[in-house]
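Here's the structure, in structure tokens; my notes come after.
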Amino acid sequence: MKKIMIDMDDVICEGGFLYQLNRFLGTNYKETDMVSYYMQDMIPEERQEEWNRYLAEQNLYAEGNRILPGAKEVIRKLAECYEVYIVTAYIIKDNPSQCGKHLFNKFEWLCKEFPFLHPSCFSFVNHKDLIDCDIKIDDRLSNLSGKAETKLLFDAYHNRNITKEELENCGVRRVCSWYEIEEILLKEMSYSL
Ligand SMILES: [Mg+2]
């Protein structure tokens with residue numbers, strides 16, 4: 001069976017981080033208001049430490065978190081003909097030593113929402129380029145580096161500035177939904193399984 005690694009945040013689920021950011025700031029920001037990949041860049045510098053302490057206590061997979069349409073159904077189908085691994089980073093850049101709870105929350109949420117995947121298929125790593133898989137799906141282009149015959153960039157607020165030509169040069173194809181992934185991996189590529 002071919003191996004697929006699938007990212008979690010902004011690929012399988014979204015919303016929890018933005019929810020906490022808005023709760024902390026008392027704002028109503030949308031994803032499209034973000035100035036960079038790191039939503040926390042919206043925090044004023046003088047409140048950064050307070051934010052780090054606040055965030056370390058929150059569960060990003062509880063309030064405000066939602067599963068992207070089709071993610072669960074399509075991953076269930078993929079697991080029938082591919083080896084599926086959920087590969088997700090858990091270190092939050094400004095507070096790296098306080099991310100143990102965050103890792104635990106991720107693991108618990110994956111176990112609850114994806115009971116058809118064995119927990120040993122959940123991998124928590126920030127340097128995703130260490131991993132070789134046949135197929136990689138991620139919303140961050142740098143996470144698609146390394147060996148893989150198929151690289152799919154999941155469309156997200158922070159990657160829309162990457163042009164089709166740039167993606168083609170890296171051998172990457174943009175996908176905008178789980179139904180598109182289903183089409184590619186279960187229909188187009190089914191001949192090569
Ligand atoms: Mg992601």
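These numbers come from a predicted model, not from an experiment. Read the numbers this way: they start at 1 and go in the same order the structure lists the ligands and their atoms.
- Side chains of Asn95 and Leu55 form no contact here, defined as non-hydrogen atoms less than 4.5 Å apart.
- The environment of CZ in Phe104 is sparse: at most 12 heavy-atom neighbours from other residues, nucleotides or ligands sit within 6.0 Å.
- Between the side chain of Glu113 and the backbone N or O of Trp109, no donor-acceptor pair lies under 3.5 Å.
- Within the structure, ring pair (Phe, Tyr, Trp, His ring centres under 6.0 Å) contacts touching residues 62-81 (residues at least two apart or in different chains) do not occur.
- Evaluation of the ring pair (Phe, Tyr, Trp, His ring centres under 6.0 Å) test over residues 119-153, restricted to residues two or more places apart or in two chains, returns none.
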Can you list, pair by pair, the side-chain donor-acceptor contacts under 3.5 Å of residues 26-35, counting residues two or more places apart and other chains?
{"residue": "Thr27", "atom": "OG1", "partner": "Asn22", "partner atom": "OD1", "Å": "2.6"}
{"residue": "Asp33", "atom": "OD2", "partner": "Lys30", "partner atom": "N", "Å": "2.7"}

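- Of all protein atoms, those of element N, O or S that lie under 2.8 Å from the Mg ion (ligand 1) number 3.
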